[in-house]
Amino acid sequence: MKILGIETSCDETAAAVVEDGTRILSNVVASQIEIHARYGGIVPEVASRQHMLSIVPVIKKAITEAKTPWQDLDGIAVTFGPGLAGSLLVGVNVAKAIALSQNLPFTGINHLEAHIYANWLNKENPPSFPCLCLIISGGHSELVLMKGHGQFEKLGRTRDDAAGEALDKAARILELGYPGGPIIEKEANLGKPCLQFPRAWLKGSHDFSFSGLKTALWHFVQKNQVLGNSSLVADVAASFQEAVIDVLVTKTINAAGELLVKQILLGGGVASNKFLTHRFLHSSSVPVTVPPPYLCTDNAAMVAACGYYHFQNGNLSSYNLDVVPSLSLG
Ligand code: KG4
Ligand code: ZN
């Protein structure tokens with residue numbers, strides 16, 4: 001079964017063709033990072049206009065690279081939330097137009113669920129249930145129990161900033177640029193995590209919180225003339241990143257132990273951080289699966305993989321599918 005995936009929830013215009021939920025036939029991503037970097041973050045109006053310009057060429061490229069004529073497609077999967085309303089609308093409306101013109105079924109996909117399904121791509125042995133999923137991106141930090149395909153139970157989420165958002169803001173405070181996650185990781189390679197930043201453990205809860213850490217960084221930078229001192233900036237970046245990772249890894253591994261899951265699945269842009277994956281792989285007794293970096297950040301292959309299981313379960317959408325910017329999972 002060949003599914004065309006479409007993803008426009010944030011600042012990546014993406015289309016992909018995936019066979020049987022695992023084999024990637026094409027995976028095209030047009031990133032808007034350079035356009036938004038000059039503003040220090042995503043400008044929603046600019047993002048939706050850019051999706052309008054890119055979506056048709058991106059889909060055409062995905063179809064060509066997959067060597068799959070339209071008549072060989074079995075369905076379309078499109079992200080309908082969570083995300084920026086104006087951006088989601090572009091993908092959903094294009095998906096409906098193609099579905100109508102090519103007489104194909106289509107299914108609306110939750111972007112958070114799609115991040116989890118990146119773990120099914122290019123895999124001979126799919127993950128075993130029950131799994132504990134940690135989705136860490138620019139907008140979300142969610143801990144979700146997955147008991148089977150489409151069966152999710154939310155355990156915890158961030159009470160304020162998402163993990164990626166905290167890293168993005170830290171990079172901004174340190175005047176390092178956007179997006180912050182990869183830049184902080186690069187700086188951390190040059191420094192040592194020798195400074196103590198606070199960790200919000202929120203004992204008894206699976207929730208996360210990163211805004212206190214961000215405030216602590218702000219005060220540290222004000223008091224210690226960090227900016228301009230490159231070795232101190234590297235140590236601050238390494239220590240801040242360590243504080244974020246410490247909480248994410250420790251709380252997830254503890255929850256995996258409590259819930260007796262068979263596997264931990266990671267997903268979302270922050271899961272491409274090598275310090276985080278190294279720490280997970282070395283400290284968890286439960287097997288940990290992480291997609292390669294290009295499948296952790298936003299892409300449409302994960303949307304198509306997720307769509308395959310929706311189609312298998314007969315979970316189709318109708319033409320009155322609307323975007324849901326604040327959609328949650330579980
Ligand atoms: O999943 P994603 O591409 O988009 C959303 O759904 O939000 O995640 C983007 C987030 C950004 O906050 C970015 O700074 C972070 O992922 N990120 C990273 C790394 N690469 C991207 N964070 C830490 N380390 C990285 N290598
Ligand atoms: Zn994402």
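Just follow the structure's listing: the first ligand is 1, and inside any ligand the first atom is 1. The analysis underlying the following values was restricted to heavy atoms, covering all of them including side chains, and did not include hydrogens, waters or symmetry mates. The first residue in the sequence is number 1, and the count goes up from there.
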message: Check this for me, if you would: do Arg279 and Asp246 make a salt bridge, where the nitrogen-to-carboxylate-oxygen distance has to be below 4.0 angstrom?
response: yes
task: Would you tell me whether Arg199 and Thr250 have side-chain atoms, one donor and one acceptor, within less than 3.5 Å of each other?
output: no
- prompt: Does at least one non-hydrogen atom of His140 fall below 4.0 angstrom from an atom of ligand 1?
  reply: no
field: Contact check, Ser272 vs ligand 1, heavy-atom distance below 4.0 Å
entry: yes
field: Contact check: Gly181 vs ligand 1, nitrogen or oxygen atoms, below 3.5 angstrom
entry: yes
field: Leu167, portion touching ligand 1 at heavy-atom distance under 4.0 Å
entry: side chain
- prompt: With only distance considered, is Gly269 within less than 3.5 Å of ligand 1 through an N or O on each side?
  reply: yes
- request: Check Asp168 against ligand 1 and report side chain, backbone, both or neither, counting heavy atoms closer than 4.0 Å.
  value: side chain
- prompt: Which ligand 1 atoms does His111 reach within 4.0 Å, using its non-hydrogen atoms?
  reply: 6 (O)
- prompt: So, Tyr39 versus Tyr178, ring centres under 6.0 angstrom or not?
  reply: no
- request: Indicate yes or no: does Glu185 engage Lys274 in a salt bridge with an N to O separation below 4.0 Å.
  value: no
query: Between His149 and Tyr117, does the ring centroid distance fall short of 6.0 Å?
result: yes
query: Heavy-atom contact under 4.0 Å between His115 and ligand 1?
result: yes
task: Please find out if less than 6.0 Å separates the ring center of Phe220 from that of Phe240.
output: no
query: Is there any N or O on Gly138 that sits under 3.5 Å from an N or O of ligand 1?
result: yes
query: Would you say Lys61 has more than 12 foreign heavy atoms packed within less than 6.0 Å of its NZ?
result: no
query: Which of these, Val270, Ile136, Ile135, has its nearest heavy atom closest to atom 15 (C) of ligand 1?
result: Val270
task: Using a cut-off of 2.8 Å, count how many protein N, O or S atoms are strictly closer to the Zn ion (ligand 2).
output: 3
- prompt: Which option, Val244, Asn273, Asn299, Asp298, owns the non-hydrogen atom nearest atom 2 (P) of ligand 1?
  reply: Asp298
